[in-house]
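The block underneath contains the structure these notes are about, expressed in structure tokens.
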Amino acid sequence: MREMLTGGELDVLTGDYLAELTMLILGRDRLKDPAAGYARTFLRQLEECLGLAHERGVRIVTNAGGLNPAGLADAVRRLADRLGIPVRVAHVAGDDLTAAHPGSLAAHAYLGGFGITECLRAGADVVVTGRVTDAALVTGPAAAHFGWSETEYDRLAGAVVAGHVLECGAQATGGNYAFFRDGDARRPGFPLAELHEDGSCVITKHPGTGGFVDVGTVTAQLLYETAGARYAGPDVTARLDTVRLSQDGPDRVRIEGVRGEAPPPTLKVGLNRLGGFRNEVVFVLTGLDIEAKAALVRDQLEPALAKVADVRWELVRTDRPDAPTEETASALLRLVVRDPDQGAVGRALSGAAVELALASYPGFHVLAPPGKGSPYGVFEDVYIPQGGVDHGGVDHVAVLHDGRRIPVPPAHDTAVVEAVPEPPLPEPPEPGPTRRAPLGLVAGARSGDKGGNANVGVWARTDDAWRWLAHELTADRFRELVPESRELTVVRHALPNLRALNFVVEGILGAGVAAQHRFDPQAKALGEWLRSRHLEIPEALL
């Protein structure tokens, strides 16, 4: 926060503190303390930086309010009073629908940006929200600054795209980037957007900060956790297939041409609940007879696991023959158990596993002893009407610094989101010699999670590579390269303007990140695994 405030010009400082998993964690906090439920790290940062923001005239907009935006707004006021800094603090309410969803730890609608807009138009210096869309942290200030109306969809869509690029911080400036060796990614600075009245923008960063901004880093973030050409939100549906990117100088990428449409008639509501209890133990298998050792320990533990609801074994062959170190001679056998009853996955499992220490395969040891079983969460989403609370929707309200409550009406017009027709693809390249090589030599990828689904965005860096990629990497070829997706629904979306394909793999993450369904529970490295897979690539591209 200090770096952003002191590193260069800034009008509005935004901070995205929420994710599906964060809402679950805050829900558990609120069980222990009803006054909790917001991101306390924001307050710690603000104690150091509120004075700087006030001196520079920078407004702060954050969703750090989490489950308790009113509580965080009060805490900010107390902090400002203690520091002697005169700031006006407002907050946005109406997203909390937990009471309407019995059994959930947290149920929150994803609100749009116009509650933020009302707060800023009324003179707020700090605006605190709960669960708004990540992009709302940018659309709200943009609409306030430029005076946009609720139906200026192209402008709003441009701000949504800017917000999506900014929301994951350094992921737009070289962090987590497939081609990280193109620049210095050791300590990437945070990105900023220079927004224009027509909805276009330039993505850049403060002078002298690390990392780099180029068409590739922005493309990667645009594909992150999205799906098809229509990117729907409560204020506008942005058409990702209309986005045009161009390098506008060193560390400057211009985004223009974004078209917008009326938002959908429904709001997304994220539900977090406790799914039960899980436990895990990783057995280390060293040297010879790896498969037989794994079979032995599985047979020995079978009686203790007979009544457990969900049992998963995974043998990870990290071992090498004639290895120079014990670690590289070892494989890992991972056992994960889940059950509604903590006792079934707690002491019963830990006792059985530890009691094998002197009575199992040669070289028996584990990475860490199993614990008593920890609770895990389940995320799901449902949809409610855009209309107000009387119509089954939400009571979206801007609570101003002077206590006034300004109702924020639902979207003026709506349109059901439908898939766009398959866009025309470029002509495939002329046949020629090929070589078996990793996909990542000619394509980048960025992957992530949306509930139980994973998204993998893949893009080409040249027109010739795009001509090949668009025809080669079909949904069926994706299933071949990612075997665990073969029995799942894989949907491919083409975005020719970005030379990109976006794949949605339905159900690969089970009940979401908190359920820890797979080795990489948020699919963060799924794209890198895909890039490492070998296929026949034209030699002209290598």
Side-chain angles (χ1 to χ4, degrees), residues 19-21 110 133-135 160-161 164-165 167-168 171 176 178 219-233 237-243 264 266 268-270 378-383 416-423 425 439 443-460 469-515 517-531 533:
E20 293 168 1
L21 181 59
Y110 287 72
T133 65
D134 299 340
V160 163
V161 169
H164 181 60
V165 173
E167 71 185 53
C168 289
Q171 279 196 177
N176 300 0
T219 298
Q221 181 56 26
L222 277 176
L223 297 173
Y224 182 62
E225 294 181 350
T226 59
R230 286 190 164 104
Y231 186 56
T237 293
R239 289 289 297 261
L240 299 182
D241 56 344
T242 63
V243 175
T266 55
K268 177 180 173 180
V269 178
V378 171
F379 175 86
E380 58 184 317
D381 51 47
V382 298
Y383 291 84
V416 174
V417 177
E418 297 179 347
V420 302
E422 182 73 15
L425 298 177
L439 174 63
R446 170 73 62 76
S447 58
D449 62 311
K450 279 294 181 187
N453 300 339
N455 132 262
V456 186
V458 185
W459 76 94
L469 183 72
H471 294 276
E472 176 64 23
L473 195 56
T474 62
D476 287 340
R477 179 55 56 88
F478 184 98
R479 290 189 190 93
E480 291 176 19
L481 298 174
V482 181
E484 65 181 300
S485 72
R486 287 178 182 170
E487 304 302 318
L488 302 174
T489 298
V490 177
V491 181
R492 185 183 104 149
H493 304 278
L495 299 168
N497 275 12
L498 301 176
R499 294 191 297 230
L501 304 169
N502 222 349
F503 295 88
V504 177
V505 188
E506 298 181 6
I508 193 172
L509 304 180
V513 52
H517 179 75
R518 68 189 294 270
F519 167 68
D520 174 16
Q522 289 182 278
K524 298 300 185 187
L526 184 58
E528 284 302 292
W529 177 30
L530 177 67
R531 292 183 68 235
R533 299 288 279 158

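- The side-chain contact (heavy atoms from CB on, under 4.5 Å) test applied to P421 returns no partner, not counting sequence neighbours.
- Here the closest heavy-atom approach between residue N502 and residue G457 is recorded as OD1-CA, 3.3 Å.
- Counting only distance, with no hydrogens or angles, the side chain of R230 and the backbone of V417 share no donor-acceptor pair below 3.5 Å.
- The two atoms that bring I508 and A454 nearest to each other are CG2-CB, 3.4 Å, heavy atoms only.
- Annotation: side chain of L223 is not in contact with side chain of V458 (no heavy-atom distance under 4.5 Å).
- The nearest pair of heavy atoms linking E225 to Y231 is O-CE1, 4.5 Å.
- Residues V491 and E506 form a side-chain contact, since some pair of their non-hydrogen atoms from C-beta on lies under 4.5 Å apart.
- Contact check for L473 versus L481: side-chain heavy atoms found under the 4.5 Å cut-off.
- Judged by distance alone, with hydrogens and angles left aside, the side-chain atoms of R531 form a donor-acceptor pair with the main-chain N or O of A443 at under 3.5 Å.
- Every side chain to side chain donor-acceptor pair (under 3.5 Å) that R479 has, sequence neighbours left out, goes to D476.
- The minimum heavy-atom distance between V504 and A227, with the atom names listed, is CG2-CB, 3.7 Å.
- For S447 against L526, the heavy-atom pair with the smallest separation is OG-N, 3.3 Å.
- Counting heavy atoms from C-beta on, the side chains of L222 and V165 come closer than 4.5 Å.
- Two residues are said to be in side-chain contact when any heavy atoms from C-beta on lie closer than 4.5 Å; H164 and V161 fail this criterion.
- At least one donor-acceptor pair under 3.5 Å links the side chain of D520 to the backbone N or O of A525.
- Summarising the local packing, CD of E422 is surrounded by more than 12 heavy atoms from other residues, nucleotides or ligands at distances under 6.0 Å.
- Taking every heavy atom of both residues into account, V490 and F503 meet most closely at CG1-CD2, 4.0 Å.
- Residues L501 and F478 are not in side-chain contact: their nearest non-hydrogen atoms beyond the backbone lie 4.5 Å or more apart.
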